[in-house]
Amino acid sequence: MPEIRVINVSKRYGDIIALDNVNIVVEDREYVCIIGPSGSGKTTLLKIIAGILEPDEGDVLVDGESVLGVPIEERGIGLVMQDVVLFPHMNVWENIVYSPLVKGLAPRIINDIGREVTDYLTLSIDKKMYPDEISRGGQQKVALARALASDPKLLLLDEPLGSIDAETAKRLRFELRKLVKDLGLTAIHITHNQEEALSIADKVVVMRKGRVEQVGKPLELYLKPRTPFICRFIGGEANFFEGHVKKRVDGHLVVELKGKHIIRVPKTDGVDGRVVVVVRPEDISIIENPVEEGIEGVVEEVSFLGAYYRIQVSTSEGTIIVKKSGRERIPSRGDRVTILFRNVYTYRYPEKGLVEAIAYE
Amino acid sequence: MLLLFVFMPSLYLFTYIFSRWNEIYVTVFAHPIIGNQYWTEIVRALNLSFRLSLTTVAIDLVIGIPLAYLLGKKDFPGKSLIEDLTILPLVIPTSGFGFATMIAWTASYGLAALLGLRVGVDTVVPLVNIPLIMLIVHVALTFPYIVNTVVGALKDLSASFEIVSSSLGAHPVTTFRKVTFPLILPSILSGSVLAFARSLGETGATMIVSGVSTTASIAIVRWEFENKLAPAAFLGAILVGVSMILIVPIEYALGGTIKGRRIIPLSVESFIVKLEKSIPRKMSWLRDIVSIFFLSIIILMPIAVLLYNTVIYWSCDPYTGRVEGGILYQLFGPSDYYSSIVSSIITSLLVASIATLISALVGVLAVLLMAHSRFGRFIKVLLKVPLVVPTSALGLSMVLLWGPHGIGVVDPGFWLIVLTHVVFSVPVITETGMASYIEGNLPLYESTARTLGAGYYDVAETITLPLVKRGVLAGSLLAFTHSLGETGATFIVMGEHRTISTLVVNMVEALAIPAALFATLILIVTSFVLVVVFKEIY
């Protein structure tokens, strides 16, 4: 079973840099999700690992050996893609046993493999049906069965649940993880859905503009985002403030925000001078009376989003978004309130400006 | 308009046959003097034509599919030149090309001579018993139909199918056999039918290289000249009928995937797969080289030889040194081919311009009709018919319909040539027009315009027409080129007038080879330029 190492891989299309010096390690039997906005290079990376594309620079090692130049059919990968790609001229059964067939296995073994895979996936679809006669979710399950029938060492999943309705996709994502774990496979799963990635991955790779922005366990990415972009991309909306460090008080930095409010933030290595302060909406309290370090404002809009309220407060630091559970006391539009940060992330001000630093593309 | 200008002429032969069945029956089957001599000749001609067309299509497939694979899947320097070379036979004046091929193979320095073979127009291919040069010409003129449709299909086919097949462990050859080939099979069939029909009806080049052999379409031309209308019409109707029987069902049925059932037992399949696995991957360059090699031999070489000959024959016959055998003497000497070339070029240009203009008009209306009428699909299939009707049969049909034997409105001559060219130009234009209609996703824009309150005519004027303009323009150019080069039908309907491509046939028949060289070169250069312009537009 393989361990995959992507080493210093770069890929250019003319002037466009699709991948810029990417390094990733996927351990044996690990379920890795690669997420990032569209155009971040995640699909290019997958294609390079699969052998569909060759990198301009760098290397891909499987169990310590370079696989560059090894044709796709000899890489032992199972590939499942968003647009399903079942062969339309073959029925379900022929699709599933395609791999053992084209590998030249004996007829008896071909049938055995087909039966084994369909039993394992409890595939209840009529095997004589053609792909255009079954549902999208069913098609994707057949595609998965077909990939498994090739006895892959490595499962490469490119937005496998992207074109399936949300309800089915949610169910399938856990089946996918269970299957990978049960069979002891290694999986690399690409998605733009951060919830999907966080809920099933052992390790998440966040990509942006052809670079790896951060690699870590799901919770780690949420609790310790390394850049303002990760704050924005993992966990949904975030509030961004510009400011500068006034002074250092044992263990804390005193930061003056743009709108002249002074807040204290935990000391962070390498942070001084101009800074960016990021606060998640769920890390903010709303209180009725003014307090020290609080920011006063007027409630601009309150919307109920099912699981929580999203409250927009207009302040001299700009509009601040706050999330509150429905069971708490919710202010109404026009109320004067004070906002208090419970947890903040502080970063050195990015060279090319804040807007660039958190932009998707 | 469509009915009057396009469908009626293509199908009139049937009417003619039915209305004069007794007369035709007597002439063909029970002639008082020669008995069923005509019928015997018809059978002989059809026999040769079918053998020729079937062999042609078989060779087309062998050459065409690898070439299509190369053009549809790969990028390489010189690709656009190869693409031009595969469009060229579609627009090249066939008589000129036939002439070029003939001298390229039979001349004492031609390819055959270099290989130590003696090839003449009477050289016969063993087994199928077909004149070799005729076969070469037919392959050269018809393989683009296979290449074009297959390239189109390959480009439309998502690359993912092949990638997935490889990821499942299939050798590239296995992938082609099990996945790519079945998925492009409908296009291969449709291309084959077009190629077959085109070969069946090819007249211009065949006339030049035929020697003593007579194909069905040549028999029609000959009989028409000898005023033996009954057997000509009968044979013509057979050809039209065969082409239609082939094209209509296939075109109508196509569009879906062919869902196959396993024919080969699993054990045999495993054996084939193992065999395929033993083919080295690196062999693919061989396939590419071979297909390019074929292309150069059947297309490039004749043109090169033609060019070479034009140069050496310019001032005098290179072998005898006689000035009378040179191009200059023939053009400006007593036979004065110069003035006939000039006048026939003017005729050709006028015919092509007028015919294209009328066809563009009819074509645009037809596109609107096809897009919005319930019978759109049916009309679309019917419009394939003029594309596959043998040209000499079409010419005959035109004479019988419009000429003194039929309605009696238009005598053979300039205007009948124009009318004839309209018949096959309209489908060419509607084809590209419809292609841009579908590719441009026009129904979406049209319905959007409707929701914004535009009426039917507003939509046509502001949305449909501007967006299919390019397609119609490109199709018009193609039709124009086609019209310049058309030989078979023109030969029958031209009366006293000459177009440049028919003039070439006359010159070859009059053994005015140097003048023919010059005229052919002009034709080929012109069509090559038009091909390049066409690609710019489309």
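All of these numbers come straight from a predicted model, not from anything done at the bench. Throughout, a chain's letter reflects where its sequence line sits, starting with A, and its residues are numbered from 1.
Defined by atom type and a distance below 3.5 Å, a donor-acceptor pair is present between the side-chain atoms of B:Thr142 and B:Asp60.
Both the backbone and the side chain of A:Arg146 come within less than 4.5 Å of a heavy atom in chain B. At a 4.5 Å heavy-atom cutoff, A:Asp151 makes no contact with chain B through either its backbone or its side chain. For A:Ile52, the part sitting under 4.5 Å from any heavy atom of chain B is the side chain, from C-beta outward, and nothing else. For A:Tyr98, the part sitting under 4.5 Å from any heavy atom of chain B is the side chain, from C-beta outward, and nothing else. Only the side chain of A:Ile110 comes within contact range of chain B, with heavy atoms under 4.5 Å apart.
The existence of a salt bridge linking A:Glu175 and A:Lys141 is confirmed by a sub-4.0 Å separation between a basic side-chain nitrogen and an acidic carboxylate oxygen. Salt bridge status for A:Asp202 with A:Arg177: present, with a side-chain N to carboxylate O gap under 4.0 Å. With salt bridges taken as basic N to acidic carboxylate O contacts below 4.0 Å, none links A:Lys153 and A:Glu3. Classification of B:Glu162 and B:Lys73 as a salt-bridged pair holds, one side-chain N sitting under 4.0 Å from a carboxylate O.
For chain A, the option among B:Ala159, B:Pro172, B:Ser167 with the highest count of heavy-atom pairs below 4.5 Å is B:Ser167. Put simply, of A:Pro71, A:Ser150, A:Gly78, the one with the most heavy-atom pairs under 4.5 Å next to chain B is A:Pro71. For the set A:Val85, A:Ile77, A:Leu79, the count of heavy-atom pairs under 4.5 angstrom toward chain B peaks at A:Val85. Residue with the most contacts toward chain B among A:Ala106, A:Ala147, A:Pro107, A:Gly76: A:Pro107 (heavy-atom pairs, distance under 4.5 Å). The greatest number of non-hydrogen atom pairs below 4.5 Å with chain B, out of A:Lys47, A:Glu74, A:Arg75, A:Met81, is found for A:Met81.
Using bins of under 30°, 30° to 60° and over 60° for the plane-to-plane angle, the ring pair B:Phe176/B:Tyr69 lands in the perpendicular bin.
Annotation: side chain of B:Val164 is not in contact with side chain of A:Leu86 (no heavy-atom distance under 4.5 Å).
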